[in-house]
Structure formats: structure tokens, C-alpha cells
There are 2 protein chains.
Amino acid sequence: MGNSFSGESSAVQSVDRALQILEILAQEGEVGVTDIAATLNIHKSTASRLLAALLSRNLVEQLSDRGKYRLGIGLVRLAGTVSSNLDSVSGSREITRALADQYGETVNIAVLNENRVLYVDQVAGSHIMTMRSWLGQIVPVHCTATGKVLVAWLPEKTRKSVLPNKFEKLASRTITSITQFEKELATVRERGYAIADEEMEDGFTAVAAPIRNSHQEVIAAIVISGPTNRMTKLGLASVGKNLAKNAQLLSGNPTSWQE
Amino acid sequence: MGNSFSGESSAVQSVDRALQILEILAQEGEVGVTDIAATLNIHKSTASRLLAALLSRNLVEQLSDRGKYRLGIGLVRLAGTVSSNLDSVSGSREITRALADQYGETVNIAVLNENRVLYVDQVAGSHIMTMRSWLGQIVPVHCTATGKVLVAWLPEKTRKSVLPNKFEKLASRTITSITQFEKELATVRERGYAIADEEMEDGFTAVAAPIRNSHQEVIAAIVISGPTNRMTKLGLASVGKNLAKNAQLLSGNPTSWQE
DNA sequence: CATAATGTTGCGTCATGGGCAACAGTTTTT
DNA sequence: AAAAACTGTTGCCCATGACGCAACATTATG
């Protein structure tokens, strides 16, 4: 009875199926009724009705009459509330804005979500070049400063289950050995911040620090990123220390990110 | 049998209820099971189970064990896909980034959603002050440049149903007379772009232009905004004309925003 | 032009969603 | 401090809504 897509759930079946459809659309972009039905192993009339429910609330939209479906703008509105809620609880925007102002580079907050890094808030830096939108994007753990921070303090067993089996080489300096990655994490724990220097993308460098909950567990990461030449000029160690200090201010706030 | 919250739907009832819960959380922030049940006129065990389904997919999160619920970060990830999809189809980011670079102010794209303006994409300007996050936010139609653009070309009947009964005065220069607002829309149609000069917020000015579909219907608006003194220095008419021209480049692309 | 494929919808069936009751824990009131 | 009230959760049973089937209209393909 369980569906193999994105894990089984004992929740309300039709609701769970509808939410699985959203995840399929997030991964595939534009998908038809028949493909969704095949993926979820349900009848196409069931898929059509579930999509109609999502359509009526603007969570999906149809490209043309009887055409393929994609995610809809209703999600943007709901997600905007998430970011506003995060700020209103933790007051993180004040700190991320101050850091973006001080360094001129983009500042993000990210969490671990399904064993990968998800960017949940962003304040853009003043520089124009590479003014990338990270919000809502997902990146790997092994080659990002945020990923290193989010896993460095995990219990070893938990960490092993989070890390991928094979470290994909995405840039010239990607760490691909698990032994070397563990050494890197030891350095992160020692320093209190992480650096990813042309590891996810050539010419791109990031520095991240941990945001902790009241049990001292790392629940989010704050990260400054930008082109390698500019980041190097800022002084990565100096930025790291300052970031760690600011992250600590955020760590003191109650009920911030999902614990 | 229909529920009065956010209109009735003939869609899959349990899915529609779950999505209504998301909308309640978007509006109220943090809400308990009992309140949700009361709002939707369902049993609290039903509400609890629907929330459990949303929880299992990270679309909501619970503040503490047995505590209130709020929207979850799974929405941020899904919404990130919406923005990426919009860009990959319309290529809007190239144009919005170029405009942000040229003027140094924040550029957004917005659509009409439930008779209000919803910001669906944003590129921040290079200035630090008022680096506000519009993405996912909802603002009124009557006192925003984007709102004026989104309704100016609507058939009169449609426009009347979109506009609020009473124009709330939100800033020193808010237009509160419907007669004057219609005159303003005539100016917008003549110029091809709209200006909101300290109408939604004192000290804040925006210029917007229409993005059209293949039937020449206005389906989105592109807007530049910033502090009134800086925007005035840029020359509002000049910015407006340039914006209209750039918006036209976007209007040519197929299957952009929801039609 | 014929065939195949897709998405939609009416209908009947039954598997599931939902209400009830009971419970555990927390908060409020006395 | 104790009692009462409230909240959120869960086992259970059954009424109903979700679902699959068949048929249809439309579009795409050979």
C-alpha cells in the first residue's frame, strides 16, 4: 500500500498524494497527468482530480488547456510568509542585513532538509555581479560551507546517514574523500566556522557559521558568499570569526528554525 | 456542505481542506489545532490528521510538542522552483538584473492574485538602505504602481470587481477617490507605465510597466522601487519609458506567467 | 486518414477520511 | 495545591468521499 516515492507516510492518503505531486513538479518542472499517475502508481483520473484541487488553490498551474502542469504562484505567497515568520521570531534579518552591508556580499540562512542544504532566507550584497538568487535552492552538503557547518557537529552516526555515499566532484577543489572531509569537519569544529573555497563552483567562495538552538544543536547556518577574488580580499578568517560571533547572537533567540 | 473559508471548491475535499489550513497559517502565523478546526468547521481530530499530513512533508512545522503550527520550510523549497521555472521560461532574470544594475534599485515582478498584488520574483538593487524583501509579499492594488498596471487595462467590469470598495489611505499621497483613481489609470494607459509616488508608504516611490501575454492581456508587472529622493533623481518618466520597453521584451516570450 | 495518447468526467463501489470517545498533558481557575 | 477546563493525539468504527473504470473529446503521431 505504501508508495515508493519520497517515502511512505501514514498520513491522510489523498493529502499526501497531492503533496507528492508538488514534489514531483518541483523536481521535474512540467509534468503531465499521465506521468504523475505513473510515478505515484495511481489512476490518471485520480491524478487529474488531485491536480484540480491544487489548481483551485493556485499551488499548480496548467500550461494550456489540457496541457502539462507546473508549480503555481500560490506557493510563492505561502513561502513569503515562511520567511517573514522566520524573521519575526528570530530577528535574523537585522543581522543578515548588517553583514551584507558590512561586506557587500550576499548573506543567506540555510537549513538541512532531506540531507541537503536548503536556503531559506537571503539578503543580497551590494555588488551586482553574481547576484544569484539562492532562496529556495538546494545544494549538496559535501562541497558547501553551509553543508559543512550543518553536519560538523552531528553525532557521527547521524552524519554518516546524511552524507552521500559518493562525493561528486563539482569544482576544481571539491573534497571527494570521506577521510579528508572528516578532517575538514574537525577543522570546522575547531574554528567555529566553515569555508568552501571553489569547492562547489570554480571562482566561488563561501564562509558559514552555525546557528544553534537552546540545546546547542546546530539547526541552521548563516553564510556569506561571493566571487573568490572578492571574498579573499575580505579575509576569510576574519569574516569567519565575525560570522560566528553574529550567528551566536541568533542562537540565543527562542523557537527560531525547526528544531 | 461548502466551506465559507476562501471560497468553496468542488475539488478533493480532504486535499482542499489541507490547503485551506496552509492559507489560514499564511494569514495568522501560528495557529493551534482547535482554532483551525473551528475556522474550517471540522472536528479537531480531523484538523490534527490533516496537519500531520502537512507536517510529514515539511509544509508545516509545530512549534513544540503538542504546540501550535506554522508554515514550514518545505514551502520555501517548492517556491524556489516556481521562481526558477518563471526565469527558465521567460528569461526575465536577465532583464530584471540588467535594470537593477542600471538604476541601482530593486526590481520586482508581480502578478494579480486574489485581487491583490503578489510579488513573485525580485532582484535587489545595489543600494543598502531599504533592501526590503518583497518576494512572496502581498500589497494592495490602489496605491501601488504594480497594482495600477495590473488593473489599468482590465475590462471595466472586471476592474470594478477587483478593486476594493473603499480605498484605504496608507500614505500621505494615497488616492482615495475612485474617480481620481480612474483618471490615474487613464494616464497609465496613455503613458504605458505607472507611478506610485509616496502612495503606499511615505518616502517610497515605484514605477511599473505591463508584461503582456500573446493576447495582449496584462499578466504581470515589472517594477522598480526605492526611496523617493533616489527615484526622483533617476527621472521617473525616463525610468518609466525604459521599463515599458524592457517589459515589452518580456511580453514576447511564450507561456510566461499564468494566463 | 487512422490510430494512439492524453486529459476529463459520470458513475458505482469500497477503502479511506472523519467524528466520537477516551486519554495524556498543559493551562487556567478556584 | 487541587480541581476544572482546555488542547492535541489516537484507537475504533462506519458513512462517505476518494478512487478506478469506462467512455468521451481533443490532440498528437504515424
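Below, each value reflects all heavy atoms present in this structure, side chains not excepted, and no hydrogens, waters or symmetry copies. This one's a predicted model, so the numbers in the text were calculated from it and none came from an experiment. Proteins come first, then strands; the chains are lettered A, B, ... in the order of their sequence lines, and each starts at number 1.
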message: Any carboxylate oxygen within less than 4.0 angstrom of a Lys/Arg side-chain nitrogen, looking at A:Glu182 and A:Arg159?
response: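 Looking at A:Glu182 and A:Arg159, the cut-off is met.
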query: Is any NZ, NE, NH1 or NH2 atom of the basic residue among B:Arg212 and B:Glu217 found under 4.0 Å from an Asp or Glu carboxylate oxygen of the other?
result: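 No salt bridge links B:Arg212 with B:Glu217.
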B:Lys245, NZ: over 12 other non-hydrogen atoms inside 6.0 angstrom: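 Atom NZ in B:Lys245 is not crowded, with 12 or fewer foreign heavy atoms closer than 6.0 Å.
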task: May I ask you to check whether over 12 heavy atoms, not counting those of B:Gln216, lie within 6.0 Å of atom CD?
output: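 Counting other residues, nucleotides and ligands, CD of B:Gln216 exceeds 12 neighbours.
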Measure from the side chain of [X], starting at C-beta and using heavy atoms only, and say which of [options] lies closest.
X       : options               : answer
A:Lys44 : C:dG7, D:dT9, D:dT10  : C:dG7
A:Arg49 : D:dG8, C:dG7, D:dG20  : D:dG20
B:Val33 : C:dG7, D:dT9, C:dG18  : D:dT9
B:Arg66 : D:dC19, D:dG8, D:dG20 : D:dG8

Expressed as a whole number of angstroms, how long is the span from [X]:[atom1] to [N]:[atom2]?
X       : N      : atom1 : atom2 : result
A:Leu40 : D:dC19 : CG    : P     : 11 Å
A:Leu50 : D:dA18 : CG    : C1'   : 9 Å
B:Arg17 : C:dT16 : CZ    : P     : 18 Å
A:Ile21 : D:dA18 : CD1   : C1'   : 13 Å
B:Leu55 : D:dG8  : CG    : C1'   : 13 Å
B:His43 : D:dC13 : NE2   : P     : 17 Å
B:Ile42 : C:dG18 : CD1   : C1'   : 9 Å
B:Ile36 : D:dT9  : CD1   : C1'   : 14 Å

- prompt: On DNA chain C, nearest-nucleotide positions of A:Val15 versus A:Val31: which is more 5'?
  reply: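 With A:Val15 and A:Val31 compared, the 5'-side residue is A:Val31.
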message: By nearest heavy atom, map A:Ser14 and A:Gly32 onto DNA chain C; which one lands nearer the 5' end?
response: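 Mapping each residue to its closest nucleotide by heavy atoms, the 5'-most match is A:Gly32.
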- request: Check whether the side chains of A:Tyr69 and A:Gln62 place a donor and an acceptor atom closer than 3.5 Å, and report yes or no.
  value: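 Judged by distance alone, the side chains do pair up.
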Phosphate contact ([N] OP1 or OP2) by [X] side-chain N/O below 4.0 Å:
X       : N     : result
B:Tyr69 : D:dT9 : yes
A:Gln62 : C:dG7 : no
B:Thr34 : D:dC6 : no

- prompt: Ignoring hydrogens and angles, does a donor from either the side chain of A:Ser48 or the base of C:dG7 sit under 3.5 Å from an acceptor on the other?
  reply: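 Answer no: no donor N or O sits under 3.5 Å from an acceptor.
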- request: Record whether the side chain of B:Ser45 comes under 3.5 Å of the base of C:dC20 through a donor-acceptor pair of N or O atoms.
  value: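 Per atom types, the contact qualifies.
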